[in-house]
Each structure stands twice: as C-alpha cells, then as structure tokens.
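Atoms within each ligand, like the ligands themselves, are counted from 1 in listed order.
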Amino acid sequence: MTDIKKSIHGEWSSRFAFILAATGSAVGLGNIWKFPYITGENGGGAFVLIYLLCIAAIGLPIMAAEIMMGRRGKQSPINTMETLSEEAESDNRWRYLGWLGVIAGFLILSYYSVIAGWALSYVLKAFTGSFSGGNALEIKSLFDDMVGSPIQLTFWHSVFMAATMYVVSRGVSSGLEKAVRFLMPTLFVILILLLGYAMTTGFYQQGLSFMFTPDFSQIDSDAVLTAMGHAFFTLSLGMGAIMVYGSYLPKDISIGKTALYIAGADTLVAIMAGIAIFPIVFANGLEPGSGPGLIFQTLPIAFGNMTGGWIFGVLFFVLLVFAALSSSISLIEPAVAWLVENKDIPRIKACIWAGLATWGLGIAVAFSFNIWSGFTIFGKNMFDLLDYMTANLMLPIGGFCIAVFAGWVMKTQNSREELELPDTIYRIWKFLVCYIAPAAVFIVFLHVLGVF
Ligand code: PFF
C-alpha cells in the first residue's frame with residue numbers, strides 16, 4: 001500500500017537531493033562546534049574511539065532503520081509510527097515515540113539556535129576585522145563579551161530562528177532542498193584550508209596524538225554516555241528528523257548506501273574539524289577542555305594571523321551558519337509536518353507557532369550564559385540541562401525504541417522489502433538493530449545509573 005502513496009508535503013527531486021538534505025541535517029554545529037569541545041573535555045583519543053564505534057555499530061543501523069520507517073510511513077514521525085504499528089498489528093502507543101522526537105527537536109533547536117547565533121555574530125566580527133592579529137587572550141575576551149551580553153545573544157538567536165522558520169515555511173523542495181544544495185562542498189574546502197593552517201602551527205603532531213592516542217584512564221561512564229549521545233546527535237538520529245526526511249524519499253533509492261554515505265561524510269567533517277582545532281589549541285597554550293567556547297576561542301586566532309584571514313573568517317562563519325541552518329530546519333520539520341497533518345493549518349502558520357515556541361525557550365537559554373547563569377537545576381544551567389537531557393537521554397532513548405521497532409516489531413518481510421539490501425547485509429543490519437544497538441544503549445544507561 002505504501003508503495004504508491006506519496007507524502008503530502010512533497011518529495012525530494014532526486015537521490016542526490018535527499019543525500020544533500022540528510023547530510024545537511026547531520027553535518028552542523030554538532031560536528032564543528034560540539035565534537036571538538038566534548039572531545040577536549042573528555043580527554044581525546046579514547047573518547048574519539050568510543051564515538052567512532054558508536055557511529056558504526058549503533059548510528060549506521062539506526063539511520064537505515066529511520067530512513068526505512070520514514071519512507072514506508074510517508075508522514076510526520078508521529079503519524080508514521082501510528083501507520084507502521086497498525087501495519088505490524090502492534091500497539092498504537094508507538095506513536096508516543098513520534099512525540100518524544102517532536103519534543104526533543106524543539107528542545108534541541110532552542111539552544112542550537114543560540115549557538116548558531118554566536119556563529120552569526122562572528123561573521124560580523126570577522127568582517128570588521130576584530131580578529132586581526134589577536135592573541136589568545138584578546139580572542140577570549142571577545143568571546144566573553146559576547147556571551148556576557150543577553151541583548152546580543154537574544155538578537156542573534158532571533159535572527160537565526162527567523163531564518164530557520166523562513167526556510168521551513170517554503171516547504172520541501174523549494175525551501176529545504178535549495179538551502180542545502182550549495183553548502184557542503186564549500187564548507188569542506190574551508191576545512192581543508194584550516195587543516196593547512198593547523199599544519200603550520202608546529203603543534204600538528206600533538207593535536208593528532210591528542211585525538212588518536214587512546215588513554216582510557218580519561219574515560220568514565222559519563223564520557224561513554226556523552227560519546228554515545230553524540231553519535232545520535234551528530235547523525236540527527238533518535239528523534240525522527242531523518243525519519244521525516246525519509247518520508248520524502250522516492251521508492252527506488254538504496255537506503256543502505258545512502259546511510260553509509262551520510263554517516264561517512266558526517267564523521268569526516270567532525271574529524272577534520274578536530275584535527276584543525278587541536279593544534280591551534282596547543283600552539284596557543286589553551287585548554288582543550290575549555291567547553292562550548294572552544295572553536296570561538298581558537299579559530300579566530302588562526303584567521304587573525306593568516307594572510308587574508310578575515311575573508312576566510314567571514315567565509316568560515318557564514319558556512320557554519322549555513323551548516324547550522326540545514327540542521328535546524330530538520331529539527332523543527334517533524335513538528336511542522338505534524339501540525340500541518342493534524343491541525344489542518346497551512347504550513348506557514350505551523351511554522352509561526354513552532355518557531356515562536358522555540359524562540360521563547362531559546363531566550364531562556366541565551367540568558368543562562370549571563371543574567372540567569374546562577375539558576376541551575378541538578379547543578380546545570382539551562383543550556384547544559386537541555387543539552388544533557390536531549391543528546392544524552394532523549395535521543396538514545398528514541399534511538400533504542402526505533403531499533404526495537406525496526407528489529408522486533410516490524411514484520412521482517414516489510415523491512416526486507418523496504419531496505420532491499422543483499423541478504424547478508426540485511427542479516428547484519430537485523431542483528432545490529434535487534435541486539436547490538438538496543439543492548440549498547442541499555443548497558444550505557446545502566447552504567448551511568450551506577451547499576452554496575
Ligand atoms: N546533527 C546536527 C549536528 O550535528 O549539528 C544536530 C541535529 C540535527 C540533531 C537534527 C538532531 C536532529 F534531529
């Protein structure tokens with residue numbers, strides 16, 4: 001039945017368009033901003049190794065599962081889950097999994113937009129030559145000034161949210177597809193350039209060995225949880241973003257290859273960002289574990305001290321904003337698709353409601369860096385709390401349920417038909433979603449809870 005049905009929201013114009021959009025969703029602040037700073041906070045090599053393992057053994061199979069479920073359900077994740085559980089003659093409470101995703105997307109976007117706002121404000125700083133000749137101390141105070149200003153953060157967060165909602169309101173092919181078409185290749189080129197600069201710092205080897213020499217004494221259960229959570233976050237998994245993109249995917253496209261490509265590109269960008277950043281960190285006597293400001297306190301040093309650096313600085317932060325934009329649109333798309341389907345309102349209205357709610361929460365996040373920094377819950381300010389709750393808890397729980405649904409609830413015949421993998425690959429996939437992915441998430445949770 002699902003073969004002939006198309007999504008009411010439209011379809012991607014080609015396989016390439018889907019790959020671009022899904023890669024656009026995956027590659028974002030998670031790769032360039034978050035991966036380096038959490039790697040720095042968790043001691044480097046061993047953390048990177050666990051993260052890579054999680055990508056391969058948990059992320060990849062769940063990504064194939066999400067695309068497959070989305071394409072079969074052809075609706076927003078909530079309604080897709082309802083349709084698929086009916087098809088599997090199972091409980092329709094699986095739709096709550098769709099809800100979990102919509103809420104996670106909304107929560108992530110509220111802080112994601114604030115950080116993307118940092119990048120926006122850095123476009124202007126680069127343009128006006130603020131980095132020029134700057135040493136580590138000057139660049140740090142530039143960052144501290146920005147983060148300390150509630151007005152600046154609110155302003156840039158508002159600009160970013162408005163841009164996101166504008167793109168989403170344009171719909172699948174005119175909005176989402178066009179926005180992501182030209183970003184990835186250019187971002188890649190700038191990263192290569194930064195890598196080139198990192199090689200000239202004299203600390204390239206040290207950066208490499210920080211990232212690739214595993215030292216397991218640096219790892220505790222929270223570090224493992226962070227690495228696993230980040231595998232979900234960076235691949236946009238566990239909340240229906242890839243599922244909703246999968247629902248716009250035409251029938252004749254190979255899901256397995258597509259998932260491999262997306263995960264590969266995403267990992268490459270993260271690793272490249274790390275290799276570019278750590279040599280600059282060490283060369284300037286900075287702390288790898290200095291937290292969310294890491295790239296904003298390191299890369300401007302590079303831009304400020306290379307010839308023509310301001311141009312590259314502008315280009316880099318513009319691209320970072322675009323990478324964030326192509327992710328943020330996928331964070332809110334599940335909610336918008338659901339509002340359109342269930343509340344029968346035009347797409348534009350759905351965007352306004354979803355956008356306003358996210359914007360409001362984002363303001364609280366912006367304030368948590370300055371005037372509300374003393375307000376904490378479980379010892380975490382609003383930003384840390386939202387990040388922990390979503391990346392470390394909601395996405396892995398969502399991913400666990402998706403794996404269980406794809407592996408145990410869906411009929412084998414249906415998943416086989418939709419995935420169209422060669423037999424051995426299908427069996428490996430099935431083994432990973434039935435056993436490895438759910439068990440890994442479960443064990444990490446037990447470990448964090450201190451059960452063993
Ligand atoms: N994958 C994005 C990044 O790495 O920046 C963030 C993200 C987008 C997470 C979409 C989850 C999601 F559904």
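- The aromatic ring centres of Tyr435 and Trp408 sit less than 6.0 Å apart.
- Distance from atom 8 (C) of ligand 1 to its nearest protein heavy atom, with residue and atom name: Ser236 OG, 3.3 Å.
- When each atom of ligand 1 is checked for a heavy atom of Gly30 under 4.0 Å away, the hits are 3 (C), 4 (O), 5 (O).
- When the heavy atoms of Tyr245, Tyr112, Phe232 are ranked by distance to atom 5 (O) of ligand 1, first place goes to Tyr112.
- Of the candidates Ala26, Ser327, Gly105, the one placing a heavy atom closest to atom 4 (O) of ligand 1 is Ala26.
- A cation-pi arrangement is present between Lys34 and Phe233 under the rule of less than 6.0 angstrom and at most 45 degrees off the ring axis.
- For an aromatic pair to be called close, the ring centres must be under 6.0 Å apart, and Trp118 with Phe143 satisfies this.
- Listed by atom number, the atoms of ligand 1 under 4.0 Å from Leu29 heavy atoms are 5 (O).
- Looking at Glu333, its side chain never comes within 3.5 Å of a backbone N or O of Leu331 through a donor-acceptor pair.
- Protein heavy atom closest to atom 1 (N) of ligand 1, with residue, atom name and distance, is Phe233 O, 2.8 Å.
- Residue-ligand proximity, Ser25 to ligand 1, at heavy-atom distances under 4.0 Å covers atoms 1 (N), 2 (C), 8 (C), 10 (C).
- Inter-residue side-chain proximity for Met228 and Leu225 is flagged as met; some heavy-atom pair is nearer than 4.5 Å.
- In terms of protein heavy-atom proximity, atom 13 (F) of ligand 1 is nearest to Met239 SD, 2.9 Å.
- Between Tyr51 and Phe35, a ring centre-to-centre spacing shorter than 6.0 Å is recorded.
- No side-chain donor-acceptor contact under 3.5 Å links Gln297 and Tyr37.
- Residue, atom and distance of the protein heavy atom nearest to atom 12 (C) of ligand 1 are Leu331 CD2, 3.3 Å.
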